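Because only heavy atoms are used, hydrogens play no part in the values below, and waters and symmetry mates are left out as well, while side chains stay in. Small disclaimer: the values here were computed from a predicted structure and weren't measured.
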Amino acid sequence: DEFLDLFNKAIHNYSPEARITLLKNPLESPASGVLVGLKCIGSKLYLVLTKLEQRYGTDEIRLNKYIKRLLAYTPNTNKTTEMPAVGLRKISDDLQSYIRGLLQVQSDILTSEIILVQILQLKFPEKILIEYQLTDMPKRDVNDFFHIIDELITAREIATLSDQTSPKGE
């Protein structure tokens, strides 16, 4: 898991007791439950890390985590007004981070790209999806999807900047 990799690299200059404290602070439930019942002294650090790795570090668990996050992701959209470019950019960035996480765990996950593109489309407002469908750009895979979405968002960002810098009354 990326957390455990970073943690192991960061703890070299700390005492065993400080290492346990550094480990405990960022853990949330259910991972923090691994520490329950263990006398948390520095000599137990290896045992705690091993338990965390066994319980939360398998590729299948990590893959499921990213898929669940992707499916559960609900952008903050208002169906009655058009979403500003900054909101669309946040949706795109969030979704791309989930895809990067999936790719980190299983590089061939994109063999199921048709399903992923359909899931990604569910996360954007209807108006941007209509614009997406109307483009004549290729729509073969996830990269194409994000390329088109990025182009549409960039166009909105430019329009917003143009509106903000043009003198009033024109």
Side-chain angles (χ1 to χ4, degrees), residues 1-11 22-36 48-161:
D1 188 17
E2 60 194 85
F3 169 78
L4 291 175
D5 292 340
L6 290 172
F7 179 77
N8 282 323
K9 290 176 185 174
I11 63 170
L22 288 170
L23 177 62
K24 284 172 55 173
N25 289 339
L27 287 181
E28 296 176 357
S29 184
S32 60
V34 170
L35 298 173
V36 174
V48 171
L49 289 174
T50 301
K51 285 185 175 217
L52 285 169
E53 184 68 34
Q54 289 170 346
R55 193 173 295 173
Y56 302 104
T58 68
D59 285 350
E60 183 179 344
I61 290 169
R62 291 171 50 216
L63 188 64
N64 285 339
K65 175 183 78 171
Y66 285 111
I67 290 171
K68 284 178 184 176
R69 285 182 180 172
L70 180 60
L71 291 173
Y73 180 77
T74 306
N76 187 10
T77 60
N78 184 343
K79 300 292 182 186
T80 58
T81 61
E82 183 162 334
M83 178 173 276
V86 69
L88 293 171
R89 177 69 62 201
K90 173 144 179 37
I91 293 170
S92 180
D93 291 346
D94 290 345
L95 295 174
Q96 286 185 58
S97 73
Y98 298 144
I99 297 299
R100 283 191 300 275
L102 286 168
L103 288 169
Q104 213 174 17
V105 178
Q106 186 176 342
S107 60
D108 65 346
I109 191 72
L110 294 183
T111 57
S112 307
E113 287 192 74
I114 295 170
I115 294 169
L116 284 174
V117 168
Q118 294 300 317
I119 292 169
L120 294 170
Q121 287 181 8
L122 292 172
K123 305 302 179 178
F124 280 92
E126 187 176 339
K127 187 166 184 171
I128 195 92
L129 292 176
I130 291 170
E131 293 174 37
Y132 168 82
Q133 292 299 332
L134 291 175
T135 65
D136 58 356
M137 299 169 79
K139 299 174 183 80
R140 298 176 300 254
D141 54 29
V142 172
N143 288 330
D144 287 347
F145 175 80
F146 280 117
H147 176 73
I148 294 168
I149 292 295
D150 189 55
E151 293 289 323
L152 294 171
I153 294 169
T154 299
R156 287 180 182 211
E157 289 170 334
I158 291 169
T160 300
L161 286 174

Do you see a donor-acceptor pair shorter than 3.5 Å between the side chains of E131 and T135? no

Test item: L95 and I119 side chains (from C-beta on) under 4.5 Å apart, heavy atoms: no

Looking at CG of L120 and CG of L129, how far apart are the two atoms once the value is rounded to the nearest 0.5 Å? 10.0 Å

So, using salt bridge (Lys or Arg N to Asp or Glu O under 4.0 Å) as the criterion, who are the partners of K139 when residues are at least two apart? none

Could you pull out the closest heavy-atom pair between D94 and Y73, with the gap in Å? OD2-OH, 2.8 Å

Working to the nearest 0.5 angstrom, can you tell me the gap between E151 CD and I148 CD1? 9.0 Å

Output for pair (R69 CZ, L102 CG), nearest 0.5 Å, gives 10.5 Å

Can you tell if the side chain of L88 reaches within under 4.5 Å of the side chain of P125, non-hydrogen atoms only? yes

Verify whether the ring centers belonging to Y132 and F145 lie closer than 6.0 Å. yes

Verdict with reasoning, I153 to S92, per side-chain contact (heavy atoms from CB on, under 4.5 Å): CA-CA 9 Å; I153 294 169; S92 180; 3.8 Å; yes

Within the side chain of T160, is there an N or O that forms a donor-acceptor pair under 3.5 Å with the backbone of R156? yes

Give the C-alpha distance, both sets of side-chain angles, the deciding distance and a yes or no for side-chain contact (heavy atoms from CB on, under 4.5 Å) between L70 and L116. CA-CA 9 Å; L70 180 60; L116 284 174; 3.8 Å; yes

Go through the structure and list residues passing salt bridge (Lys or Arg N to Asp or Glu O under 4.0 Å) with D141, not counting sequence neighbours. none

Donor-acceptor contact below 3.5 Å, side chain K123 vs main chain P75: no

Output the distance between atom CD (Q96) and atom CG (L103), rounded to the nearest 0.5 Å. 11.0 Å

Starting at CD1 of I149, measure out to OG1 of T154 and round the result to the nearest 0.5 Å. 11.0 Å

Counting only N and O atoms by type, is there a donor-acceptor contact under 3.5 Å from the side chain of D150 to the main-chain atoms of F146? no

